[in-house]
Amino acid sequence: MKADARREEIADYITRAGQARIEDLVEHFGVSRMTIHRHIDALAQQGVLRKLHGMVTVQPSGLYESTFRYRETVGKAEKEALARAAMAYVEAGQAVMLDDSSTACALADLLPDARPLTVITNSYISAGKLIEAEEVELISLGGKYHRNYNAYIGITCEKAVASLRATVLFCSASAIDGVTAFIQDAQVTKVKQAMMASSSRKILLVDSSKFGKVALNVLSDLTAFDVVLTTDRVGEADRARLKEAGVNLEIVKMGKST
């Protein structure tokens, strides 16, 4: 098997599992420990995986975001529910901006229902979903492509965002601690902040897994968003805290998780 194909298999295996031990990978793929280390090192350099003390992971930490491929599989039902609720804020003729989040990507699937629209995004995946959509004018923001996020980031992207004006921004965050939204990566944070500055209305979509966590970089206070959409799987204490702080919180009904 060619090296690229083997690496893709390893990446898919760890994405499904979330994490794996080096020994498990050696046994599963039937190759030497040295070969596994070589493939993992290459994937780590690409930003696809992280190698930590004999363990390989795609799961996020306060410093590192997980891969997009992994994130889009986590909390999928909540993200889809948030996307459906977000459509209430989309109207024909708007310029809609989407960030690189897997939650906003779920919304990209639904946007053609509100056409005609102009959609602006730095997400490679969201752009791909809309490229064939009729009556959707797509503006794909350039910049440095980052494999981990499947998106364009960096100063070139920031400048492109600053040259545009959107009717509404839909974005997400890596973590919510108290009434503050956080992001792991500083470059991603800057792009999201540029998007907020270039949008007349800002809507944050966050699933329940983001609450009670913290990441390295502050994105914004939640009161900076016109609406914060989350689901009823968020605890009552978190809801009360946000409402007391003046956050315009909208709860999407999901029912009990199974």
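The figures that follow rest on heavy atoms only: side chains count, while hydrogens, waters and symmetry mates do not. Keep in mind that this is a model prediction, so the values were computed, not measured.
- Under the 3.5 Å distance criterion, the side-chain polar atoms of Arg7 are left unmatched by any main-chain donor or acceptor of Ala42.
- Counting only heavy atoms from C-beta outward, the side chains of Arg239 and Asp232 approach each other to under 4.5 Å.
- Side-chain contact between Thr180 and Val218 is present, with heavy atoms from C-beta onward closer than 4.5 Å.
- Connection of Ile251 to Leu204 is established within a shared hydrophobic cluster, with ILVMFWY side chains joined at heavy-atom distances below 4.5 Å, either directly or through further cluster members.
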Which is it for Leu111 and Val136 under the side-chain contact (heavy atoms from CB on, under 4.5 Å) test, yes or no, and what are the steps along the way?
CA-CA 9 Å; Leu111 288 178; Val136 174; 5.9 Å; no
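- No donor-acceptor distance shorter than 3.5 angstrom exists from the side chain of Lys129 to the backbone of Ile125, with no hydrogens or angles considered.
- Between Ile139 and Val119 the shortest side-chain heavy-atom distance does not fall below 4.5 Å.
- When all heavy atoms of Leu222 and Ala181 are compared, the pair lying nearest together is CD2-CB, 3.8 Å.
- Environment of CD in Glu244: sparse, with no more than 12 heavy atoms of neighbouring residues, nucleotides or ligands closer than 6.0 Å.
- In this structure, CG on Leu117 lies 10.5 Å from CD on Glu137, to the nearest 0.5 angstrom.
- Shown here for Ala127 and Ser140, the closest heavy-atom pair between the two residues is CB-OG, 4.2 Å.
- Taking CD1 of Ile131 as the start and OG of Ser126 as the end, the distance is 12.5 Å to the nearest 0.5 Å.
- With 3.5 Å as the limit, one finds no donor-acceptor pair spanning the side chains of Ser220 and Gln193.
- Looking at heavy atoms from C-beta onward, Leu107 lies in side-chain contact with Met87 at the 4.5 angstrom threshold.
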Quick one, Thr118 with Val96, criterion side-chain contact (heavy atoms from CB on, under 4.5 Å). Give me CA distance, side-chain angles, the key distance, then yes/no.
CA-CA 6 Å; Thr118 296; Val96 176; over 6 Å; no
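- The pair Arg38-Asp41 fails the salt-bridge criterion, with no side-chain N (NZ, NE, NH1 or NH2) lying under 4.0 Å from an Asp/Glu carboxylate O.
- Counting only N and O atoms by type, the side chains of Tyr89 and Gln94 include no donor and acceptor under 3.5 Å apart.
- The two residues Val26 and Ile36 make their nearest non-hydrogen contact at CG2-CG1, 3.8 Å.
- Remark: the Asp185 side chain and the Tyr149 side chain contain an N/O donor-acceptor pair separated by less than 3.5 Å.
- Closest approach of Val252 to Ala81, counting heavy atoms only: CG1-O, 4.0 Å.
- Side chain to side chain, Asp100 and Tyr124 fail the donor-acceptor criterion of an N or O pair below 3.5 Å.
- Ser172 places a side-chain N or O within donor-acceptor distance of the main-chain N or O of Leu205, the cut-off being under 3.5 Å.
- Looking at heavy atoms from C-beta onward, Lys79 lies in side-chain contact with Ser102 at the 4.5 angstrom threshold.
- Arg21 CZ to Thr57 OG1: the interatomic distance, rounded to the nearest 0.5 Å, is 14.5 Å.
- A donor-acceptor pair is defined here as one N or O able to donate and one able to accept, closer than 3.5 Å; such a pair exists between the side chain of Thr230 and the backbone of Val206.
- Here Phe225 contributes atom CZ and Leu169 contributes atom CG; the two are 7.0 Å apart, rounded to the nearest 0.5 Å.
- Judged by distance alone, with hydrogens and angles left aside, the side-chain atoms of Arg115 form no donor-acceptor pair with the main-chain N or O of Ala133 at under 3.5 Å.
- In terms of heavy atoms, Ser174 sits closest to Lys210 at O-CD, 3.2 Å.
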What verdict does the side-chain contact (heavy atoms from CB on, under 4.5 Å) test give for Tyr152 and Leu141, after you've listed the backbone C-alpha separation in whole Å, the side-chain angles of each residue and the deciding distance to 0.1 Å?
CA-CA 7 Å; Tyr152 300 93; Leu141 299 165; 5.6 Å; no
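- Counting heavy atoms of neighbouring residues, nucleotides and ligands inside a 6.0 Å radius, atom NZ of Lys159 does not exceed 12 of them.
- By the rule that hydrophobic residues join a cluster once side-chain heavy atoms approach within less than 4.5 Å of another member, Ile155 and Val191 end up as members of separate clusters.
- The closest side-chain heavy-atom distance from Val188 to His146 is not below 4.5 Å.
- Listed for the Thr231 side chain is a donor-acceptor partner under 3.5 Å among the backbone atoms of Arg233.
- His37 NE2 to Ile22 CD1: the interatomic distance, rounded to the nearest 0.5 Å, is 4.5 Å.
- Under the salt bridge (Lys or Arg N to Asp or Glu O under 4.0 Å) criterion, Glu9 pairs with Arg6, sequence neighbours left out.
- Between the side chain of Ser198 and the main chain of Val161, a donor-acceptor pair closer than 3.5 Å is present.
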Test side-chain contact (heavy atoms from CB on, under 4.5 Å) applied to Asn122 and Met195, step by step
CA-CA 10 Å; Asn122 67 324; Met195 287 179 164; 3.4 Å; yes
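- Side-chain contact between Leu216 and Phe182 is absent, with no heavy atoms from C-beta onward closer than 4.5 Å.
- With Gln19 contributing its side chain and Ile14 its backbone, the two residues share no donor-acceptor pair below 3.5 Å.
- Pairs of residues two or more places apart, or lying in two chains, that qualify as ring pair (Phe, Tyr, Trp, His ring centres under 6.0 Å) and include a residue from residues 13-32 are Tyr13-His28, Tyr13-Phe29.
- The shortest side-chain heavy-atom distance between Lys202 and Phe170 does not fall under the 4.5 Å cut-off.
- Smallest separation of non-hydrogen atoms from Leu219 and Ala173: CD2-CB, 4.4 Å.
- Checked by atom type and distance alone, the side chain of Thr121 pairs as donor or acceptor with a backbone atom of Leu98 at under 3.5 Å.
- When atom types are taken as modelled, the side chain of Ser163 and the backbone of Ala160 share a donor-acceptor pair closer than 3.5 angstrom.
- Note that the CD1 atom of Ile120 and the CG atom of Asp99 stand 13.0 Å from one another [nearest 0.5 Å].
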